[in-house]
A.B. asks: 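Handing you a structure now.
Lettering follows sequence order; numbering is per chain, from 1.
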4 protein chains.
Amino acid sequence: MPPIVSEEYKVNRKKLILESALKCFAEKGFELATIDDICARSGMSKGSIYNYFKTKEDIYIQLMNEQTRENFEYFKEAFLTITTATEKLQFLLKTYREVSLTEAFKNLTLVHGEFWLSTSRKKEIRSIMLERYQNVYIRFVKEILDEGKANGEFKHDFDSSVIATLFWTYIDGICLDYAVIGNEYPYCEIFRQTEAMIFSLILKRD
Amino acid sequence: MPPIVSEEYKVNRKKLILESALKCFAEKGFELATIDDICARSGMSKGSIYNYFKTKEDIYIQLMNEQTRENFEYFKEAFLTITTATEKLQFLLKTYREVSLTEAFKNLTLVHGEFWLSTSRKKEIRSIMLERYQNVYIRFVKEILDEGKANGEFKHDFDSSVIATLFWTYIDGICLDYAVIGNEYPYCEIFRQTEAMIFSLILKRD
Amino acid sequence: MPPIVSEEYKVNRKKLILESALKCFAEKGFELATIDDICARSGMSKGSIYNYFKTKEDIYIQLMNEQTRENFEYFKEAFLTITTATEKLQFLLKTYREVSLTEAFKNLTLVHGEFWLSTSRKKEIRSIMLERYQNVYIRFVKEILDEGKANGEFKHDFDSSVIATLFWTYIDGICLDYAVIGNEYPYCEIFRQTEAMIFSLILKRD
Amino acid sequence: MPPIVSEEYKVNRKKLILESALKCFAEKGFELATIDDICARSGMSKGSIYNYFKTKEDIYIQLMNEQTRENFEYFKEAFLTITTATEKLQFLLKTYREVSLTEAFKNLTLVHGEFWLSTSRKKEIRSIMLERYQNVYIRFVKEILDEGKANGEFKHDFDSSVIATLFWTYIDGICLDYAVIGNEYPYCEIFRQTEAMIFSLILKRD
DNA sequence: AATGAATGAGCGTTCATTCAT
DNA sequence: CATGAATGAACGCTCATTCAT
């Protein structure tokens, strides 16, 4: 009657699969990475993996959910000690600027990109992806922007929804191109320039 | 032994394959489109297609070469009657702004995106893609920027290489997100805003 | 070491499994119904089910035994108040004629059919199925026929073994075709006609 | 431009696959026989088989079409020299009676039976099977019966559609039970008895 | 040059059964 | 006796590429 294995055990198994999958996806891309690859990496059997996840796609979805959750928890945690909207936005940008440089993040970006693209043709996951995009990513930045407006930090003559979209579009563009092109990409300059431009759109001029 | 079929014949066959492939890739994506799809569309046999192209990838590469060539020929042609660098850049942006809205271009963007991403993992085509990126795309904008600098239209305190990169990064980001998200994406505002920002970086203030 | 759980408990558990299995088999067919389906329906665990039954096949076998036992108990019970062989046969036919029309029985027929067919290729269960066929089904009708002969109700010029076989062959054919074809099958006419024919074979003419 | 291989070559390949499939299906049943089994038997590769057939199901469907076609061609051919409806029906019954005894036909019956049963749960093939049942099997017998009515050979007080259905129901029942039970089944007596009964339903009494 | 039949490794997924706890 | 996580062989099917004609 009591569970045979602890909840913790199961959580760890799932984590193991997700970690292994992430490595595999990063290495070969989502499509090219096989369930067998994930088995080999995790040391688990095929059947076991399918006990924890419904499909290969499901692994990706949950992987992204986990990552997104961790990301935004990290930001929210940090924001407890940050009072201005300006600093929050700076923190966000700084985080992306710094993490983008790691090899792991570059691989992750490629996987995300691959999935993001495939989204447009796969009806079933499209809504999941778009919902997360709108309700997590866009909303998060929009709230900072609105806070800054209310604060008096930011101007009032911009549509925070549009600027939030623009924010992520630029981040997407930068991360993607950097992930593909690599060190030849003038990453730092582009990032700095973009930050400056975004702030010039929203900050009140002195 | 003279060739049995004329050079022109062969060029036309190749063109037919490329056109068919383009439609197939746009419809289903590069990975999901099959050689059989291309056969069906072109009315040619598999063997025939492999006479003209080494691999499926090769079809894509040559397709992109052709498209890129046509694109920039179009721009160069147009530039014959455009004298200022500012107007050239405006023309470039306007072209992308307008074409991006077409369904066909959105599908094409997805295919390019798919391939651009996969580039990072496939050694063989990586150099081809990067070479084109640098020597065609970046260079083209860079030359306009440098011309503007020389002209006195633009400021001198920016790195035209960086701004050219930034230019395409933003275009990439916008086209990609728009292609995936669709009509919910505030395409026009983002595009206009981006244009304004780019010009604010390079134009001399009055 | 006395048993930890009562015999009654075990009987009930078994019954629960058999009932759940019956519903699952009827719904999806024997092959397509999974042990997990049966778990879900019964609320029991996989391990538990395998404590009571050796294999999935074993579940079917015991299920059929139970059903057959109940069937013939029902008939025997009813026969206590029926004196003539003619009426017994009529009762038997009437029961099948009426029950065949229910959706549940149609699904059951499909499962039996599926298993009956597979019987011919599976050595292990073949003898079980054939034994039941001969010693229960055929014998039951044969005894009625012999009783009728002894009674003077029926003629003596038929082989009761053959007629019993014929009886079930026709019932099989009718139930099966009706179960597959559905409402387009002229069920009533076929059944009535068949009854008439069988009786014309065995009844003494006036 | 001309086909690389002759039409005849392709027809033979298809025939080879169908023959191999039939043997595999007969040996193991449709579900349990694998495409690999068919490959092994035919000496062809998996891909090749899928060049000729869309799915495993498709192999079965075409196999049955071919068999049905051959069957009824055989009957129609024979009927050219048979003038009375009575004799036609007798020929039909005789053919089944004789062929049923062969091991090959028994196996075939099992495969047909398996598929016939599965029909009820598979929407996609249901219509194909039922259409063939009604428009080929039932119609064929019905036409003989109507011919006999018109001839004056048969009575007029029966519904030829119902009797045709009854005809095949009995044939189905007999073939199936015989295929499963084997030599213990009193095949000849059952068949003779059934023939007599059917004719007693339709023949005018002297 | 054109054809298209042949190939076969490879894929994601299923599921009856086992067995450590 | 109960549990349910683990197993892994097996399946139908795909598709880029080859090559005999």
Side-chain angles (χ1 to χ4, degrees), chain A residues 1-6 9-10 13-14 31-39 42-59, chain B residues 3-6 9-10 13 31-39 43-59, chain C residues 3-6 9-10 13 31-39 43-59, chain D residues 1-6 9-10 13-14 31-39 42-59:
Chain A
M1 203 77 90
I4 257 99
V5 300
S6 67
Y9 172 86
K10 276 162 58 178
R13 296 289 279 180
K14 241 183 132 157
E31 287 294 349
L32 261 39
T34 69
I35 296 290
D36 277 318
D37 289 333
I38 300 173
C39 291
S42 63
M44 292 172 75
S45 71
K46 247 174 179 159
S48 243
I49 286 176
Y50 277 93
N51 272 344
Y52 290 94
F53 298 92
K54 264 198 347 259
T55 61
K56 190 180 158 190
E57 229 164 46
D58 188 32
I59 298 178
Chain B
I4 284 152
V5 301
S6 68
Y9 173 83
K10 277 160 58 175
R13 297 288 276 180
E31 284 294 349
L32 260 42
T34 66
I35 297 289
D36 277 315
D37 290 331
I38 300 173
C39 290
M44 291 173 71
S45 71
K46 258 173 168 147
S48 241
I49 287 177
Y50 276 91
N51 270 340
Y52 290 96
F53 298 92
K54 251 186 14 244
T55 62
K56 191 178 158 190
E57 234 162 42
D58 189 30
I59 298 177
Chain C
I4 284 152
V5 299
S6 69
Y9 173 83
K10 278 160 55 177
R13 298 287 276 179
E31 284 294 347
L32 260 43
T34 67
I35 297 289
D36 277 315
D37 290 332
I38 300 173
C39 291
M44 291 173 70
S45 70
K46 258 174 168 146
S48 241
I49 287 176
Y50 276 91
N51 270 339
Y52 291 95
F53 298 93
K54 252 184 18 243
T55 62
K56 192 180 158 190
E57 233 163 44
D58 188 30
I59 298 177
Chain D
M1 205 73 91
I4 258 96
V5 299
S6 66
Y9 172 84
K10 276 163 57 179
R13 295 291 276 179
K14 241 184 134 160
E31 286 295 348
L32 262 39
T34 69
I35 297 290
D36 277 316
D37 290 333
I38 301 173
C39 291
S42 63
M44 292 172 74
S45 72
K46 244 175 184 157
S48 242
I49 285 177
Y50 278 93
N51 271 346
Y52 290 93
F53 298 92
K54 263 198 348 261
T55 60
K56 190 180 157 190
E57 229 163 48
D58 189 31
I59 298 178

A.B. asks: My understanding is that a pair needs two contacts under 3.5 Å, Watson-Crick or G-U wobble. By that rule, which nucleotide pairs with F:dA5?
C.D. replies: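 Across any shown strand, F:dA5 pairs with E:dT18.
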A.B. asks: Applying a 3.5 Å limit to both distances, which nucleotide forms a Watson-Crick or G-U wobble pair with E:dA9?
C.D. replies: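 Base-paired to F:dT14.
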A.B. asks: Write down the distance between CZ (C:Phe53) and P (E:dT18), rounded to a whole number of angstrom.
C.D. replies: 16 Å
A.B. asks: Could you give the CG-to-C1' distance, from A:Leu32 to F:dC15, as a whole number of Å?
C.D. replies: 14 Å
A.B. asks: Does E:dT14 have its OP1 or OP2 closer than 4.0 Å to a side-chain nitrogen or oxygen of A:Tyr50?
C.D. replies: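 Negative; the distance criterion is not met.
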A.B. asks: Please determine whether any donor N or O and acceptor N or O are separated by less than 3.5 Å between the side chain of A:Asn51 and the base of F:dA6.
C.D. replies: yes
A.B. asks: Let me spell it out: for each of D:Thr55 and B:Thr55, pick the nucleotide of DNA chain F with the closest heavy atom. Which residue's pick is nearer the 5' end?
C.D. replies: D:Thr55
A.B. asks: Go nucleotide by nucleotide along DNA chain E from the 5' end; which of A:Lys46 and B:Ile49 gets its closest nucleotide reached first?
C.D. replies: B:Ile49
A.B. asks: Which is more 5' along DNA chain E, the nucleotide nearest B:Arg13 or the one nearest A:Ile35? Just name the residue.
C.D. replies: B:Arg13
A.B. asks: Please state how far atom CG in A:Asp37 lies from atom P in E:dC11, giving the value in whole angstrom units.
C.D. replies: 7 Å
A.B. asks: With rounding to the nearest 0.5 Å, note down the distance linking CG in B:Asp36 to CD1 in B:Ile49.
C.D. replies: 8.5 Å
A.B. asks: Have C:Thr34 and C:Asp37 got a donor and an acceptor in their side chains that come within less than 3.5 Å?
C.D. replies: yes
A.B. asks: Looking for any heavy atom pair under 4.0 Å, which part of the strands does B:Tyr9 touch: base, sugar-phosphate only, or nothing?
C.D. replies: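 The answer is sugar-phosphate, as B:Tyr9 gets under 4.0 Å only of primed atoms, P, OP1 or OP2.
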A.B. asks: Does D:Ser48 make a side-chain N or O approach to OP1 or OP2 of E:dT7 shorter than 4.0 Å?
C.D. replies: yes
A.B. asks: Has B:Tyr52 got a side-chain N or O lying under 4.0 Å from the OP1 or OP2 atom of E:dA2?
C.D. replies: yes
A.B. asks: Looking at A:Tyr50 and A:Thr55, what are the two nearest heavy atoms and their distance?
C.D. replies: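 So the minimum-distance heavy-atom pair works out to CE2-CA, 4.1 Å.
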A.B. asks: Tell me what A:Thr34 touches on the nucleic acid: a base, only sugar-phosphate, or nothing, going by heavy atoms under 4.0 Å.
C.D. replies: sugar-phosphate
A.B. asks: Of all the heavy-atom pairs spanning B:Arg13 and B:Ser48, show the shortest one and how long it is.
C.D. replies: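 Looking at all heavy atoms of both residues, the shortest contact is NH2-OG, 3.7 Å.
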A.B. asks: Would you name the heavy atoms of D:Cys39 and D:Ser45 that are closest together and state the gap between them?
C.D. replies: SG-C, 3.8 Å
A.B. asks: Tell me the interatomic distance from D:Asp36, atom CG, to E:dG10, atom P, rounded to whole angstroms.
C.D. replies: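 Answer to the nearest Å: 15 Å.
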A.B. asks: OP1, OP2 of F:dT17 versus side-chain N and O of B:Lys56: anything below 4.0 Å?
C.D. replies: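 Answer no for this pair, as no side-chain N or O of B:Lys56 is under 4.0 Å from OP1 or OP2.
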A.B. asks: For the pair made of CD in A:Glu31 and P in F:dT14, what is the distance, rounded to whole Å?
C.D. replies: 16 Å
